[in-house]
Amino acid sequence: MGVSEDLLHLYDRMNARFGDLHWWPADGPFEVMVGAILTQNTAWTNVEKAIAALKQRRLLTPLALSRTDEATLAGIIRPSGYYNVKAKRLNAFVRFFLAEYGGSAEAMSAGEILPLREKLLGVPGVGPETADSILLFACRKPVFVSDAYTRRILLRHRLIPADADYHRIQNLFMANLPPDAALFNQFHALLVQTGKTFCRKTPQCAPCPLGTLPKDEGAVPLAGDGGGRPWS
DNA sequence: TTCCGGCAGC
DNA sequence: GCTGCGGGAA
């Protein structure tokens, strides 16, 4: 069985269990972008509190956020954790978003994927996962988002070697699946849901839709990951 | 007490 | 490579 079939097998098992997850849970693309920064290494339940606090103060627009003092902003997003760092990152992102696209997600989405990705990565506080989350969930670009759950699940099911980095894992999906934003959206959502529910630090394999793990969790090298890059 | 939908600085 | 950032829920 090839890699494409392995991946689609995972997808089908998870999809049968969880169904459509309707990601990203947000009211509009700008809220997706804000959420993508706030959820960095943070439980989503805490991010929801910070988003709600921003909404309540009517600050969930590019202009309103850009006019909010950084220390004040930090206090408002406090429940999301790392609030001083994230206030600075939100500020930097919003300034970028206004300067480059006038605060318009449509304008941002009009550009080509790769140059846009590079520009996002140039914003301090925006790394690969945050950039790709914005590209996929806010701009609807066919970019696969990898994350800690994706890595853990693929490692445990021996679909990647132990030293696989973000780009390698992303490439595994993008080189072996059709470039379909709706597919990448649901696939990532399913991986996160499965990671939260079953593939925790201590795995709960018995009820997991992906079944039990090999006794030896050590990863084996993966053949046929597509070799080259899907883009560039 | 652990863990969370990363990233940057060193 | 290793560390700081951090409140909230399990």
Side-chain angles (χ1 to χ4, degrees), chain A residues 10-11 14 18 20-27 29-54 70-96 117-139 141 143-156 160 162-170 173 181 183-204 207-208 210:
Chain A
L10 293 183
Y11 180 92
M14 295 187 293
F18 294 114
D20 291 338
L21 294 174
H22 310 110
W23 270 37
W24 183 293
D27 179 15
F30 183 66
E31 189 177 319
V32 173
M33 301 175 198
V34 171
I37 290 169
L38 291 181
T39 198
Q40 290 168 356
N41 197 39
T42 297
W44 181 253
T45 53
N46 290 0
V47 177
E48 286 180 314
K49 297 178 187 304
I51 299 258
L54 288 170
E70 210 167 274
T72 304
L73 180 56
I76 297 168
I77 64 172
R78 192 165 195 270
S80 74
Y82 305 139
Y83 44 86
N84 288 311
V85 179
K86 286 175 179 176
K88 200 174 299 291
R89 291 177 182 178
L90 275 180
N91 196 336
F93 175 79
V94 165
R95 278 189 277 107
F96 159 81
R117 188 174 195 268
E118 291 306 312
K119 291 176 84 168
L120 285 168
L121 290 174
V123 179
V126 176
E129 183 181 340
T130 304
D132 290 335
S133 293
I134 291 171
L135 288 170
L136 176 61
F137 296 108
C139 301
K141 301 291 190 185
V143 173
F144 192 87
V145 179
S146 182
D147 72 336
Y149 288 133
T150 306
R151 178 186 177 77
R152 185 190 296 167
I153 292 168
L154 264 54
L155 268 180
R156 285 179 171 166
I160 53 171
D163 64 352
D165 63 5
Y166 182 94
H167 183 261
R168 175 84 185 272
I169 296 170
Q170 176 184 49
F173 287 86
L183 171 66
F184 290 167
N185 180 323
Q186 173 71 358
F187 209 150
H188 176 75
L190 288 168
L191 287 165
V192 171
Q193 190 62 43
T194 298
K196 280 184 188 174
T197 312
F198 305 112
C199 211
R200 315 182 69 86
K201 189 114 207 260
T202 56
Q204 315 286 323
C208 180
L210 300 182

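Chain identifiers are assigned alphabetically (A, B, ...) following the order of the sequence lines, protein sequences preceding nucleic acid strands; residue numbering begins at 1 within each chain. Being a predicted model, the structure only gives us computed values, none of them experimental.
- Side-chain N or O atoms of A/Arg117 include none that pairs as donor or acceptor with a backbone N or O of A/Leu135 at under 3.5 Å.
- Between the A/Thr39 side chain and the A/Gly35 main chain, no donor and acceptor come within less than 3.5 Å of each other.
- Comparing A/Val126 and A/Trp44, the nucleotide of DNA chain B nearest to each residue sits closer to the 5' end for A/Trp44.
- As rounded to whole Å, 14 Å separates atom P of B/dC7 from atom CG of A/Leu90.
- Rounding to whole angstrom units, NZ of residue A/Lys88 and C1' of C/dC5 are separated by 12 Å.
- The shortest distance between side-chain heavy atoms of A/Arg89 and A/Gln40 falls below 4.5 Å.
- Applying the 4.0 Å criterion to OP1 and OP2 of C/dG6, one finds that A/Asn84 has a side-chain N or O inside that range.
- Residue whose closest nucleotide on DNA chain C sits further toward the 5' end, between A/Thr45 and A/Lys86: A/Lys86.
- Protein atom CG of A/Leu38 is 13 Å distant from nucleotide atom P of B/dC7, rounded to whole Å.
- Look at NZ on A/Lys49: it is 19 Å from P on C/dG6, rounded to the nearest Å.
- A/Tyr83 has a side-chain polar atom (N or O) that falls below the 4.0 Å cut-off from OP1 or OP2 of C/dG7.
- Results of the ring-ring contact (aromatic ring centres under 6.0 Å, His included) test with A/Phe144 over A/Phe137, A/Tyr166, A/Phe184 single out A/Phe184 as the only residue that passes.
- Heavy atoms of A/Ala148 sit under 4.0 angstrom from primed sugar atoms or phosphate atoms, though from no base atom.
- Side-chain N/O atoms of A/Arg152 include one lying less than 4.0 angstrom from OP1 or OP2 on B/dC4.
- In this structure, A/Gln170 places its CD atom 15 Å from C1' of B/dG6, rounding to the nearest Å.
- Within 4.0 Å (heavy atoms only), A/Asp147 reaches sugar-phosphate atoms of the nucleic acid but no base atom.
- At distances below 3.5 Å, at least one donor-acceptor pair connects side-chain atoms of A/Lys86 with backbone N or O atoms of A/Ser80.
- When heavy atoms are screened at a 4.0 angstrom cut-off, A/Thr130 is found touching the sugar-phosphate backbone but no base atom.
- For the pair A/Tyr166 and A/Ala43, both in contact range of DNA chain B, the more 5′-proximal nearest nucleotide belongs to A/Ala43.
- Rounded to a whole angstrom, the distance from the C1' atom of C/dG1 to that of B/dC4 is 23 Å.
- Closest contact between the side chain of A/Glu129 and the listed nucleotides C/dG6, C/dG7, B/dC7 involves B/dC7.
- Listed nucleotides B/dA8, C/dA9, C/dG6 differ in distance to A/Arg89; the shortest reach to its side chain belongs to B/dA8.
- Remark: nothing in residues 195-202 of chain A comes within less than 4.0 Å of DNA chain C through any heavy atom.
- Looking only at distances, no side-chain donor or acceptor of A/Asn84 sits under 3.5 Å from a matching main-chain atom of A/Ala74.
- Within 4.0 Å of A/Arg151, counting heavy atoms only, lies no atom of the nucleic acid at all.
- For the pair A/Tyr82 OH and C/dG4 C1', the interatomic distance rounds to 8 Å; values are reported in whole Å.
- Checked by atom type and distance alone, the side chain of A/Glu129 never pairs as donor or acceptor with a backbone atom of A/Val145 at under 3.5 Å.
- Atom P of nucleotide B/dG6 and atom CD1 of A/Ile169 are separated by 12 Å, given to the nearest angstrom.
- Rounded to whole angstrom, the span from the CG atom of A/Asn41 across to the C1' atom of C/dG7 amounts to 12 Å.
- In this structure, A/Arg156 contributes its side chain and A/Arg151 its backbone to no donor-acceptor pair below 3.5 Å.
- Between the P atoms of C/dG6 and B/dC10, the separation comes to 16 Å (whole Å).
- A/Ser80 comes within contact range of at least one nucleobase, with a heavy-atom separation under 4.0 Å.
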